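See below for the structure under consideration.
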Amino acid sequence: MTELSREQRFKTIGRVNWVCTLVDSVLSLVKLSIGFLVASPGLIADGLHSLSDLATDILALILGKLAQHGPDAEHPYGHARYETLGTVILGMVLILVAVAIGLENLLALWRGTVVTPHWIALIAVAVSIISKEALFHYTLKYAKLTRSALLEANAWHSRSDSLSSVAVLIGIGCSLAGWPLVEYLAALAVALLIGHMGFKLAWNAMQDLIDRGVSVAQQTSYRATLATVTDIIDVHMLRSRLMGTDVLIDAHIQVAPTLSVSEAHQINDFGMRLLKQQHPEITDVTLHIDFESDFPDKKTKLEPKRQALLSELARVGIKGFERVYLHYADNRVEVELLFAQGHDLRDMAQAGQALVASTPWLRSMQLYSRSLD
């Protein structure tokens, strides 16, 4: 499948959410109506599950709409985390539904309530299984296409409803065969399934809200992409965080210390563009340029030395140069001085070597004159 534009992505998410809302509305009405009509605790529990699906569908529609808004002054990274927030709420709703179903059926078992459902309940559950399984595959397909965590959560919510309906189908069948308590046990199994799914969804989404990063495998892939840029010597201190379905990363890249600022910046821009091209989930990249290894014992401790160097050069009589190049390495400075063609550099070269010998932060000094054209 081709990558969708931002507008196409949110339009697709909205359409799928509307389909889910329509299907869950019909199923909730059918299952709850028949469940109360034939007094089937399993079908009522399953209907409540579908009703929770409907509630989360509506929530997904609202939060999906909010997530469409791009960056603004108060939200420089956009509003994508509305999707994550929706997933947390969806998970919590599932947990509450599971607790309510579990308590209701435990009380029924405690009281020894016995009901015999009607065969029509079996038809309602069978229709639910087929519908929800189809909805699961439909929603999951577009969740992967749009990289929507909220849509994927809704898909698995549909799958949990489908599986719970299977449990209810077995329970109703046993109840009709003369084992009515099995249906209550089936309803409890549904509650456990819903609760597990809700906890899993909420927990994973909460990890994203506290800036969980991408997997080690993804980080390795990002490093490998940057490593393909010829002039990048090393990639380190790569960090990532999730913003809804988007990935934000920052990293340090090491380049040769003798590169000009403009060339290093060009390499930086190319690396960022390459990451976004090869990994569409990445929407924001910050690369820090290092001129040497960035381990703790290699941290830059020198303050900028250009003005201090110019003062020292004037003091020892080195003058007339056109350009000064400073290269920092291991907290010392290597100096290159460029002079116009025909300059006599012998005396100044000796003065430069003496200055290097007497100045701890100077490593070397090279003097050059322009060559003949």
Side-chain angles (χ1 to χ4, degrees), residues 71 76-77 219 222-241 247-279 282-316 318-341 343 345 348-349 351-353 355-356 359-373:
Y77 292 102
Q219 292 182 43
Y222 299 159
R223 286 192 179 93
T225 297
L226 287 172
T228 62
V229 181
T230 305
D231 296 300
I232 293 180
I233 299 171
D234 182 47
V235 180
H236 53 282
M237 294 179 67
L238 188 147
R239 300 183 300 175
S240 65
R241 57 175 169 158
V247 176
L248 285 61
I249 70 169
D250 61 79
H252 287 216
I253 58 172
Q254 182 183 346
V255 299
T258 54
L259 296 184
S260 66
V261 172
S262 61
E263 185 177 1
H265 185 76
Q266 187 78 359
I267 294 168
N268 182 299
D269 284 355
F270 182 78
M272 291 192 297
R273 187 166 65 251
L274 190 64
L275 274 174
K276 291 182 178 181
Q277 287 174 349
Q278 297 193 10
H279 306 278
I282 296 176
T283 58
D284 188 89
V285 182
T286 301
L287 296 180
H288 173 82
I289 301 174
D290 290 327
F291 60 88
E292 61 182 347
S293 178
D294 201 21
F295 295 105
D297 59 338
K298 294 287 187 179
K299 291 293 186 184
T300 302
K301 299 172 184 176
L302 285 181
E303 62 184 22
K305 289 297 183 182
R306 179 171 289 269
Q307 295 306 316
L309 174 67
L310 293 176
S311 297
E312 288 297 301
L313 293 176
R315 183 179 64 81
V316 299
I318 300 177
K319 55 187 178 179
F321 43 83
E322 294 181 349
R323 293 185 182 179
V324 181
Y325 299 98
L326 273 63
H327 305 294
Y328 288 78
D330 293 329
N331 286 300
R332 298 177 73 188
V333 180
E334 299 174 357
V335 182
E336 295 181 9
L337 301 177
L338 180 63
F339 292 81
Q341 178 185 332
H343 241 83
L345 305 180
M348 286 190 287
Q353 294 307 314
L355 182 60
V356 169
T359 308
W361 49 268
L362 278 178
R363 180 190 294 277
S364 64
M365 185 177 300
Q366 301 291 329
L367 283 67
Y368 304 96
S369 61
R370 291 188 181 277
S371 60
L372 293 173
D373 294 333

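These figures come from a predicted structure and were not determined experimentally.
Proximity of Leu313 to Leu355: side-chain heavy atoms (C-beta onward) are separated by under 4.5 Å at one or more points. A heavy-atom distance below 4.5 Å is found between the side chains of Met348 and Phe339. Contact check for Asp330 versus Arg363: side-chain heavy atoms found under the 4.5 Å cut-off. Between Thr230 and Phe270 the shortest side-chain heavy-atom distance does not fall below 4.5 Å. Considering only heavy atoms from C-beta on, Tyr328 comes within 4.5 Å of Lys305 through its side chain. The side-chain heavy atoms of Leu238 and Arg223, taken from C-beta on, include a pair separated by under 4.5 Å. Using a 4.5 Å heavy-atom cutoff, the side chains of Met365 and Leu337 are in contact. The closest side-chain heavy-atom distance from Leu274 to Leu226 is not below 4.5 Å.
Atoms CZ and CD1, on Arg241 and Ile249 in that order, are 12.0 Å from each other to the nearest 0.5 Å.
The two atoms that bring Ser369 and Ala340 nearest to each other are CB-O, 3.6 Å, heavy atoms only. Contact record, Val356 with Leu362: CG1-O, 3.8 Å, taken as the closest heavy-atom pair. When all heavy atoms of Asp290 and His252 are compared, the pair lying nearest together is OD2-ND1, 3.1 Å. Nearest heavy atom pair, residue Val247 against residue Ser240, reads CG1-CB, 4.4 Å. Taking both residues in full, the closest heavy atoms of Ala227 and Val235 are given as N-CG2, 4.4 Å, listed atom of the first, atom of the second, then distance. Among all heavy-atom pairs drawn from Ile233 and Val255, the shortest one is CD1-C, 3.6 Å.
Ring pair Tyr222/His279 is perpendicular by interplanar angle, where above 60° counts as perpendicular and below 30° as parallel.
Around CD of Gln278, the count of heavy atoms belonging to other residues, nucleotides or ligands within 6.0 Å exceeds 12.
Judged as a salt bridge (charged side-chain N to carboxylate O under 4.0 Å, His left out), and not counting sequence neighbours, Asp231 has no contacts. Shown here are the salt bridge (charged side-chain N to carboxylate O under 4.0 Å, His left out) partners of Glu322, two or more places apart in sequence or in another chain: Arg370.
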* Asked: Run the side-chain contact (heavy atoms from CB on, under 4.5 Å) check on Leu259 and Ile267 step by step: do they pass?
  -> CA-CA 10 Å; Leu259 296 184; Ile267 294 168; 3.6 Å; yes
Derivation and outcome, side-chain contact (heavy atoms from CB on, under 4.5 Å), residues Leu310 and Gln307
CA-CA 5 Å; Leu310 293 176; Gln307 295 306 316; 4.2 Å; yes
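When the options Val229, Asp234, Leu287 are evaluated for a side-chain contact (heavy atoms from CB on, under 4.5 Å) with Ile253, the one that passes is Leu287.
Counting only residues at least two apart or on different chains, the salt bridge (Lys or Arg N to Asp or Glu O under 4.0 Å) pairs with a member in residues 307-316 are Glu312-Arg315.
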